[in-house]
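Any value given below was found using the heavy atoms of this structure, including those in side chains, with hydrogens, waters and symmetry copies removed. Residue numbers start at 1 and run along the sequence shown.
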Amino acid sequence: MAEVATDQLQVWVDQDLCTGDGLCVQYAPEVFEFDIDGLAYVKGPDGELVQTPGGRVDVPEHLRLEVIDSAKECPGECIHVVRGSDGVAVAGPDAED
């Protein structure tokens, strides 16, 4: 996990799997937000929801742990956190535990 501490992380939500539980919004409201469809989306730095399927945003450094915890705790297993440099999953359904 040492390399994760210095690498830029990116996150995206698979809306097809989202249960609308809201844990992610509670953990990191700067990154996640519900749309009118009741599903969670990631927000860009401008606060706009990323509607493109698989659209990623950079994880703010001060919210790394909250975003990783969101991915680990998500009941829908729909939050993907990857290293920006190589796309390797660090949290979420594709991550190696």
Side-chain angles (χ1 to χ4, degrees):
M1 271 300 251
E3 71 278 359
V4 173
T6 57
D7 204 344
Q8 176 64 53
L9 299 181
Q10 295 180 323
V11 62
W12 63 280
V13 176
D14 183 343
Q15 281 77 31
D16 290 339
L17 299 175
C18 181
T19 60
D21 189 87
L23 280 176
C24 58
V25 177
Q26 292 174 18
Y27 273 109
E30 289 177 55
V31 177
F32 303 102
E33 187 174 309
F34 284 123
D35 200 3
I36 56 171
D37 60 8
L39 302 177
Y41 290 82
V42 291
K43 294 192 287 190
D46 57 1
E48 289 293 313
L49 299 186
V50 176
Q51 301 282 346
T52 310
R56 300 176 179 180
V57 298
D58 290 338
V59 176
E61 194 159 327
H62 68 284
L63 292 174
R64 285 173 180 256
L65 290 177
E66 289 84 348
V67 170
I68 289 171
D69 285 345
S70 297
K72 289 180 178 177
E73 301 296 326
C74 176
E77 296 188 346
C78 66
I79 300 171
H80 300 262
V81 183
V82 298
R83 284 196 311 242
S85 61
D86 57 11
V88 170
V90 297
D94 300 329
E96 305 269 334
D97 281 332

Between [X] and [Y], what is the shortest heavy-atom contact and its length?
X	Y	answer
Arg83	Asp86	NH2-OD2, 2.6 Å
Ala28	Val67	CB-CG2, 4.2 Å
Val81	Ala71	CG2-CB, 3.9 Å
Gln8	Asp58	NE2-CB, 3.4 Å
Pro93	His80	CG-CE1, 3.3 Å
Pro75	Thr19	CG-OG1, 3.9 Å

ILVMFWY cluster, [X] and [Y] together (side-chain gap under 4.5 Å):
X	Y	value
Trp12	Leu49	no
Leu23	Val25	no
Ile68	Val59	yes
Phe34	Val13	yes

Assess the residue pair Gln51 and Asp35 against the criterion (side chain to side chain donor-acceptor pair (under 3.5 Å)); give the C-alpha distance rounded to whole Å, side-chain angles, the decisive distance to 0.1 Å, and a yes or no.
CA-CA 9 Å; Gln51 301 282 346; Asp35 200 3; 3.0 Å; yes
Keeping the roles fixed (side chain from Lys43, backbone from Val57), state whether a donor-acceptor pair exists under 3.5 Å.
no
Please check this pair: side chain of Gln15 against backbone of Ala40, looking for a donor-acceptor N/O pair closer than 3.5 Å.
yes
Does any part of the side chain of Val90, heavy atoms only, come nearer than 4.5 Å to the side chain of Asp7, both counted from C-beta?
no
Can you measure from [atom1] ([X]) to [atom2] ([Y]) and round to the nearest 0.5 angstrom?
X	Y	atom1	atom2	result
Leu39	Asp21	CG	CG	12.0 Å
Cys24	Glu33	SG	CD	10.5 Å
Glu30	Glu66	CD	CD	9.0 Å
Cys74	Asp69	SG	CG	12.5 Å
Leu17	Ile79	CG	CD1	11.0 Å

Intermediate values then yes/no, side-chain contact (heavy atoms from CB on, under 4.5 Å), Leu63 and Tyr27
CA-CA 9 Å; Leu63 292 174; Tyr27 273 109; over 6 Å; no
